[in-house]
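Lettering follows sequence order; numbering is per chain, from 1.
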Amino acid sequence: MPELPEVETVTMGLKPVMEGHRFTHVETRRGDLRVPFPNDFAGRLTGRRVEKLWRRAKYIMGTLDDGETLVIHLGMSGRMSVHAEGGQRTLGQYVQNLAGAGTGKHDHVVMDTDAPARIVFNDHRRFGLMLLVPTDELTGHKLFRGLGVEPLSDDLDAALLKSALKGKKTPIKSALLDQRVIAGLGNIYVCEALWRARISPKRLAAKVNTDQIKRLVPAIKQVLKEAVKAGGSSLRDHKRVDGELGYFQKSFAVYDREGAPCPRCKCKVKRIVQAGRSTFYCAKCQR
DNA sequence: AGGTCAACCTGAGCGC
DNA sequence: TGCGCTCAGGTTGACC
């Protein structure tokens, strides 16, 4: 499901029931996610208070009151849902009914907080993960030490991107998917950003010129901001924590639109495969 | 060193 | 209905 806008949407949805709240009960249903749960995950989480809930790249991070941080990744198909007694309008946001919550086939983790609310992690492909990492070891942790710049921060500018792409012989499409360059972009928003910046996905990263980089940086930021505002893109799996769909997919210019007209020049959108992933682009206006 | 690609899983959609 | 095939928003480790 998730790229940065979807993870941001989910994080914001979890905040009211997690931040400042304590876990009263935690249960894992099956341990064989691709990355197994840490030892006694439920026991270590129970009774802990979440001091701060935030996002880094495509990870949801919960800083706990005991010096550990809860790290959540949704993989390709992970969902988080929030349930409470009485359903809608509880807690100042829309939440789902409590009845039956956490009993689904792929509901892997059920977490109750003193909001009170029940949070369910569902992931049918099991590519997601939940870990506990000592907070003071986060920066050096394997998952985070190599991560690139946050695209929505002021740190990402033309100069930084230019130096990050310097000497890279891989296509720009693949370079932007590399989390060590920019952290949080995925297949959808890379395609969309390249279209907005009128850059061919096949162009070698090192050959993206200064003018193009100056278009690419705002294109990335704008497409992400618009998608966050729309609640992310719901293609197959993504839902907000209240079960509603994001609607940014209605705004795609090229992604998943093979054969449809390019909104700019009306040429047919092409689909190619790069590094094993679909790329959608307009061969006429992306150079 | 740096880049590509299969593998990890399940489910949905499509053609037959 | 059902089978077989392809594809899916991510990440990683094995391999050129």
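Taking the nucleotide of DNA chain C with the nearest heavy atom to each of Lys142(A) and Leu235(A), the more 5' of the two is matched to Leu235(A). Each of Arg34(A) and Lys105(A) lies near DNA chain B, and the nucleotide nearest Arg34(A) is the one positioned closer to the 5' end.
With respect to Arg29(A) and Asp107(A), no salt bridge is recorded, no charged nitrogen being found less than 4.0 Å from a carboxylate O. Ion pairing of Arg55(A) with Glu150(A) is present here, as a side-chain N (NZ or NE/NH1/NH2) and a carboxylate O approach within less than 4.0 Å.
Residue contacts shown for Pro5(A) are absent, as no nucleic acid heavy atom lies under 4.0 Å away. Residue contacts for Tyr189(A): at a heavy-atom cut-off of 4.0 Å it reaches no nucleic acid atom on any strand shown.
The separation of dT6(C) from dA6(B), taken at their C1' atoms, amounts to 16 Å, rounded to a whole angstrom. With C1' as the reference atom, dT11(C) and dA12(B) are 23 Å apart, rounded to whole Å.
For the pair Phe127(A) and dC8(B), the ring geometry qualifies as stacking, because the centroid separation is below 5.5 Å while the planes lie within an angle under 30°.
A donor atom on one side chain and an acceptor atom on the other are found under 3.5 Å apart for Glu27(A) and His25(A).
Between the side chain of Arg125(A) and the base of dC9(B), at least one donor-acceptor pair of N or O atoms lies under 3.5 Å.
One N or O on the side chain of Gln96(A) and one on the backbone of Val241(A) form a donor-acceptor pair closer than 3.5 Å.
Residue His106(A) has a polar side-chain atom (N or O) positioned under 4.0 Å from OP1 or OP2 of dG11(B).
Nucleotide dA7(B) forms a Watson-Crick or G-U wobble pair with dT11(C), both donor-acceptor distances falling under 3.5 Å.
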